[in-house]
Q: 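Before anything else, here's the structure in question.
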Amino acid sequence: MCQWDMINHLVGCLFMSIAERVLQVQQQIRDHAQGRSVTLVAVSKGQQPAALCAAYQAGVRDFGESYVQEAVPKLAALAHLSVQWHFIGPLQANKTSVIARHFSWVHGVDRERIARRLSASRLEAGLPPLPVCVQVNLSQEPSKSGVSLQALEALVREVALLPGLRLRGLMTLPEPTSSTALQRQRFAALRQEQERLIRLGYDLDTLSMGMSGDYIAALAEGSTIVRIGTAIFGERINT
Ligand SMILES: *Cc1c(COP(=O)(O)O)cnc(C)c1O
């Protein structure tokens, strides 16, 4: 790239609209998904409804929110749009009922107690089983959410039995690294866990992995859902 091309490129990035970024991410997904069908979840935490509308107009039909209190009014404001809401944040016991009623997917199931509560709330609400992923902590950091690799199979066994949930697969949120090799190594580890569980008889069709900084690597390792925030909406200010 010559100097002027580079400057043009940077200016273009600064002024690119949400719609243009959505198209760019969708193109990257097509280029790297190896023919799989991959769901783009636009992570809209910290964004105003107008930003979500712009993404919707560009074709986004799945949005990801992390905080119940922030999400519920937004869901109400955008109730006229036909979208699927994914809950991707940490799960608290006192929020499971609201989540089970308002969301179409939950990505971060990592404890049996929470899974039971979600299942019970879903049944109480008379809604069909809630699609969920079990979140796996691959780096084994004690502070992070997610079940350890050692405890994964036991949790999967419990979640698969709950009548109000439909266990779809695994999710991970690795700590950021710019090393593509390291990114791929972690995502490959999640895929290997999925394959192992499938051999044990579990019906898992989903790998929820890949964010703005690492989704190309995740797609190369078999991701079926990518969760993209900043690459679509720009840097978050408040969250
Ligand atoms: C915020 C968040 C994302 C999106 O992160 P970006 O780097 O902005 O793409 C994805 N997944 C989870 C669980 C998140 O909390």
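Read the numbers this way: they start at 1 and go in the same order the structure lists the ligands and their atoms. Predicted model only: the values in this text are computed from it and were never measured.
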Q: Please check: side-chain N/O of Arg227 versus main-chain N/O of Val43, any donor-acceptor pairing under 3.5 Å?
A: no
Q: Which pairs pass salt bridge (charged side-chain N to carboxylate O under 4.0 Å, His left out) with one or both residues in residues 119-136, sequence neighbours excluded?
A: Arg101-Glu124
Q: Are Gln27 and Arg30 close enough that a side-chain donor and a side-chain acceptor fall under 3.5 Å?
A: yes
Q: Would you mind reporting whether Phe63 and Leu78 have side-chain heavy atoms less than 4.5 Å apart?
A: no
Q: Is a donor on one side and an acceptor on the other found under 3.5 Å between the side chain of Arg117 and the backbone of Ala93?
A: yes
Q: Angle class for the Phe103/Phe87 ring planes (parallel below 30°, perpendicular above 60°, tilted otherwise)?
A: perpendicular
Q: Taking only heavy atoms of the protein into account, state which residues are under 4.0 angstrom from an atom of ligand 1, in chain and number order.
A: Val43, Lys45, Ser66, Ile88, Met171, Leu173, Met211, Ser212, Arg227, Ile228, Gly229, Thr230, Arg236
